[in-house]
Structure formats: C-alpha cells, structure tokens
*Asks:* 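Quick one: structure below, then a few questions.
Numbers here are sequence positions counted from 1. Since this is a predicted model, take the numbers as computed values, not measurements. In listed order, ligands and their atoms are each counted from 1.
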Amino acid sequence: METLILKVGDPYKDDISQACKILKNGGLVAFPTETVYGLGALAFMPGAVRKIFAVKGRPADNPLIVHVSSLEQFEEVCYVDERYWPVIKKITPGPVTFVFRKRPHVPNEVTGGLNTVGVRFPAHPIAQRLALCAGPIAAPSANLSGKPSPTTFESVYEDLNGKIECIIDGGESAFGIESTIVDLTGETPLVLRPGPITIEELEELFGKVNVFNPEETSRPLSPGMKYRHYAPDKPLKLVNSEELANFANTDILVLCTEESKEKFLKNARNVLTIGSLKRPYTIAQNLYKSLRYVDKSPYSSAVIEKLPEYGIFFSIMNRIKKAVRGEKK
Ligand code: TXA
Ligand code: MG
C-alpha cells in the first residue's frame, strides 16, 4: 500500500482534509498528539477499528482510547459522572485519558468488550482538527505492538510506512510519554497509568486518588498492562547512577542523565544522554527515541540509569521499568 505522507508546517492552518477523507472512508491515519503519535480509525466504524489491531499486531482484548475534539463529543462516547465535570474542564484538552461507562453505540471492537471506555480530549491542534472534521477517533500509539511508542515522524514511518493509508508528520511530540489514565468509574479516582499529568497534580485536583499497582493485585484493570511494552529487543538493565562508571568504554550502551555522564562517564564513548535532571520533561521527551536507538546502535545491550520516583519522574520510571522487564520475553 502506498502511504500518503502529509507534512505539517502550521498545525493550526495547514490543509489536512485528505487525512480527514481517508478516515471517513474507513482508512487509517497516523497523527501527532502532544503525548505520542496515534494510529487512528473512526471509532464508530468497527471495520476500520479492526484494521488497527491487524496492522499493529495488537491483541483484540486490549481496548483503544477514543480521541474527541470537544466536551460535547466527550459525552457522546461515555456517561460522565457529574461530580467530575469541574476537574475535567480544568485539565482538558491535555495529556490525560478518563475511563467512564461507555455509551451503547461505542463498538466492542474499540473497548475490547468492556463496558467502559477510555476517552481523551487531546491538546494537539492536528488531533483536535481531525476529530472535529471526521468524528471521534479510536487510536492506540502508532507503533508495532511491543515496540516503544513513537514520538517522532521517523519512528512512525519506520513501523507503519506501506501498511496504512496516511501518516501526518507533525514533528516531535511535546511530552513523549503516553497520557495519564484515570479510571473514574469507582468511588475514588484510580490512576491506571501514570503519565504527563502527575499523581501530585491529580491529588490536588481530585483530593484522594488511588494508584494502581500491578504487583499488588492479580486483576489486570487496564488490559494493556499485561502485555510487553516499550522494550527494545536487546537486553536492557536498570542501574544506580553510582554503578555507571563500571560500564565506561564497554560494548554496552549507557543511557544516562547529563549529570551522571559528567560525573561518572566523562570521557566514555558508549553513552547516550537522555537529558538533564533539571529538565525532567525533556527526559520524558527523549526516552522512547533513546530506547529505539538501543536496537539500532552497534552495542550488544544497554543499561539505563535509575531515576528518582516523584512527579514526572514517577511516570518516566514506570515506562523504564516496563522496558527493563521486557528483557525477559
Ligand atoms: O497518550 C496516549 O494515551 C496515546 C495517544 C495516541 O493518545 N495513546 C495510547 O494508546 O497510549 P495505547 O493504546 O497505546 O494505550 C492505551 C491504554 C492501554 O493500556 C489500554 O489497555 C488502556 O489504555 N485502556 C483503554 N481503554 C480502557 C478501559 N476502558 N479501561 C481500562 N484501560 C483502558
Ligand atoms: Mg501503546
């Protein structure tokens, strides 16, 4: 299949009507969002949604997030618990997904048969304009299943060129890790996946929140959690910063902060810095690019520096731990 590449200079103004038409005809479009790139089909076209699973190699019981362009569209997809409107209005559009009871017309293909649905009102103008012109868009991250989510056009191209109708090139994603997922179907908000909106920020907004911990329960609440994610094919290990010096000039690639390179690996060649501890959001933005580089690099394996676990670092460490666990396939 020939994939149409749409390069976007001005995300507010450039013509994306071709992408919109492709969606309406049941085709797949990869598009930029402020978190990671998404692979979209119209949520109300079950046949198109099924193609997403085929292209990605994604298990059919792993539900998709529905992307909307307004709070009106948000309500068309799910039953919003009235208590939560003030908070939703405060943090959307933005890098967060809410799980609510689904409306009956949302296809089972989207929700993996669940009676809930994940809904996201993204801040990225391209994502918004697509959902405005074509309708709610079901979209997982635009990577092949098991690979790190794509945060650049090049990563999407690598995985999906020739397999889908269109890729919109909107440059690098601002946040670089997937949206925070909050399940609002219970008594207390439950964070299923930490992300750009931090636990601390959610506590400020909601009061108390619970954070899902896969080690403490056998129930996979977010079906995606049971699948291997974000991991390079080569072995990847987590190490404390003080141990990094041991890896200087070996055939193991070291992914570490600028501070640790300066301190422990000053003249080493086998280092890829993932950003400065002083700018943690830049580390989030660089993470998946760096994990993808592990497999492309000449090194046999890699180690990655252990980071703190508060604020946005907690979300970054969540992804790093999954990548490291992926080592034992
Ligand atoms: O930032 C993001 O959320 C990106 C962009 C494209 O919006 N999307 C994304 O989608 O990361 P995906 O499919 O890679 O991850 C969605 C996660 C999966 O772990 C899935 O199991 C979970 O959301 N999920 C979707 N619907 C759910 C539901 N009804 N209940 C619980 N978890 C759900
Ligand atoms: Mg994904």
*Asks:* Test your reading of the structure: does Ser179 have an N or O sitting under 3.5 Å from an N or O of ligand 1?
*Replies:*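 It does: an N or O of Ser179 is found under 3.5 Å from an N or O of ligand 1.
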*Asks:* Quick one: which of Asp159, Asn143, Thr151, Thr152 gives a side-chain hydrogen bond (donor to acceptor under 3.5 Å, both in side chains) with Arg292?
*Replies:*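 Looking at Asp159, Asn143, Thr151, Thr152, the match for Arg292 under the side-chain hydrogen bond (donor to acceptor under 3.5 Å, both in side chains) is Asp159.
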*Asks:* Taking 4.0 angstrom as the limit and counting only heavy atoms of Thr35, give me the atoms of ligand 1 inside it, by number and element.
*Replies:*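 Reading through ligand 1 atom by atom, the close ones are 1 (O), 2 (C), 4 (C), 5 (C).
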*Asks:* Evaluate whether atom CD of Glu309 has more than 12 neighbouring non-hydrogen atoms of other residues, nucleotides or ligands under 6.0 angstrom away.
*Replies:*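 Yes.
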*Asks:* Under 4.0 Å from any heavy atom of Asn62, which atoms of ligand 1 are there?
*Replies:*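 In order of numbering, the contacting atoms are 18 (C), 20 (C), 21 (O).
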*Asks:* Between Leu192 and ligand 1, which part of the residue brings a heavy atom under 4.0 Å of the ligand: side chain, backbone, both or neither?
*Replies:*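 Within the 4.0 Å criterion, Leu192 contacts ligand 1 through side-chain atoms alone.
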*Asks:* Could you tell me whether Arg193 approaches ligand 1 through its side chain, its backbone, both or neither, with non-hydrogen atoms closer than 4.0 Å?
*Replies:*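 Contact part for Arg193 vs ligand 1: side chain (C-beta onward).
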*Asks:* Just wondering, are more than 12 heavy atoms of other shown residues or ligands nearer than 6.0 Å to CD in Glu204?
*Replies:*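 Result for CD/Glu204: open.
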*Asks:* When you measure from atom 27 (C) of ligand 1 to each heavy atom in Ser173, Pro63, Gly195, which option holds the nearest one?
*Replies:*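 Considering heavy atoms of Ser173, Pro63, Gly195, the nearest to atom 27 (C) of ligand 1 sits in Pro63.
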*Asks:* Give the minimum heavy-atom separation between Ile177 and Ser315, together with the two atoms involved.
*Replies:*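 For Ile177 and Ser315, the tightest heavy-atom pair comes out as CD1-CB, 3.7 Å.
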*Asks:* Can you find a side-chain donor-acceptor pair between Glu243 and Asn246 that sits under 3.5 Å?
*Replies:*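 Absent: no donor and acceptor within the cut-off.
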*Asks:* Honestly curious: do Val324 and Val254 fall in one hydrophobic cluster under the side-chain, below-4.5 Å linking rule?
*Replies:*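 No, separate clusters.
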*Asks:* What atoms of ligand 1 come within less than 4.0 Å of a heavy atom belonging to Thr116?
*Replies:*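 That gives atoms 28 (C), 29 (N), 30 (N) of ligand 1.
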*Asks:* Give me the ring orientation class for Phe313 and Tyr310: parallel if the planes are under 30° apart, tilted from 30 to 60°, perpendicular past 60°.
*Replies:*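 If you compare the ring of Phe313 with that of Tyr310, the planes turn out perpendicular.
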*Asks:* Would Glu158 and Lys289 pass as an ion pair if we require N to O under 4.0 Å?
*Replies:*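 No, no charged N to carboxylate O under 4.0 Å.
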*Asks:* Record the part of Leu114 in heavy-atom contact with ligand 1 below 4.0 Å; permitted values are side chain, backbone, both and neither.
*Replies:*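 Contact part for Leu114 vs ligand 1: side chain (C-beta onward).
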*Asks:* Counting from 1, what ligand 1 atoms have a heavy atom of Pro140 closer than 4.0 Å?
*Replies:*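 Per the distance check, 6 (C), 10 (O), 12 (P), 13 (O).
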*Asks:* Backbone or side chain, does Ser141 get an N/O/S atom under 2.8 Å to the Mg ion (ligand 2)?
*Replies:*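 Ser141 does place an N, O or S atom closer than 2.8 Å to the Mg ion (ligand 2).
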*Asks:* With the threshold set at under 4.0 angstrom, would you say Val36 reaches ligand 1 through any of its heavy atoms?
*Replies:*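 It does, in that a heavy atom of Val36 comes within the 4.0 Å cut-off of ligand 1.
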*Asks:* Quick one: which ligand 1 atoms are inside 4.0 Å of a heavy atom on Gly118?
*Replies:*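 Every atom of ligand 1 under 4.0 Å from some heavy atom of Gly118: 26 (N), 29 (N).
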*Asks:* For atom 7 (O) of ligand 1, which of the options His67, Glu178, His124 provides the nearest non-hydrogen atom?
*Replies:*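 Considering heavy atoms of His67, Glu178, His124, the nearest to atom 7 (O) of ligand 1 sits in His67.
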*Asks:* Relative to the heavy atoms of Val117, which atoms of ligand 1 are at a distance of less than 4.0 Å?
*Replies:*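 Counting atoms of ligand 1 from 1, those under 4.0 Å from Val117 are 29 (N).
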*Asks:* Got a sec, which pairs hit salt bridge (charged side-chain N to carboxylate O under 4.0 Å, His left out) with one end in residues 114-128, sequence neighbours left out?
*Replies:*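 Residue pairs passing salt bridge (charged side-chain N to carboxylate O under 4.0 Å, His left out), neighbours aside: Glu34-Arg120.
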*Asks:* I'd like to check whether Tyr37 has a polar contact with ligand 1, where a contact means an N/O of the residue lying under 3.5 Å from an N/O of the ligand.
*Replies:*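 Between Tyr37 and ligand 1 (N or O atoms, distance only) the closest approach is not under 3.5 Å.
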*Asks:* Regarding atom 9 (C) of ligand 1: of the candidates Ser149, Ser141, Ala138, which has the closest heavy atom?
*Replies:*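 Shortest heavy-atom distance from atom 9 (C) of ligand 1: Ser141.
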*Asks:* For Gly38, take its heavy atoms, then give the atoms of ligand 1 lying under 4.0 Å from any of them.
*Replies:*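 Those qualifying, in numeric order: 6 (C).
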*Asks:* In this structure, which one of Lys51, Lys24, Lys21 forms a salt bridge (charged side-chain N to carboxylate O under 4.0 Å, His left out) with Glu165?
*Replies:*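 When Lys51, Lys24, Lys21 are each tested with Glu165, the salt bridge (charged side-chain N to carboxylate O under 4.0 Å, His left out) holds only for Lys51.
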*Asks:* So which bit of Ile181 gets within less than 4.0 Å of ligand 1, heavy atoms only: side chain, backbone, both or neither?
*Replies:*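 Answer for Ile181: side chain.
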*Asks:* Is the Tyr281 ring parallel, tilted or perpendicular to the Phe175 ring (thresholds 30°, 60°)?
*Replies:*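 Perpendicular.
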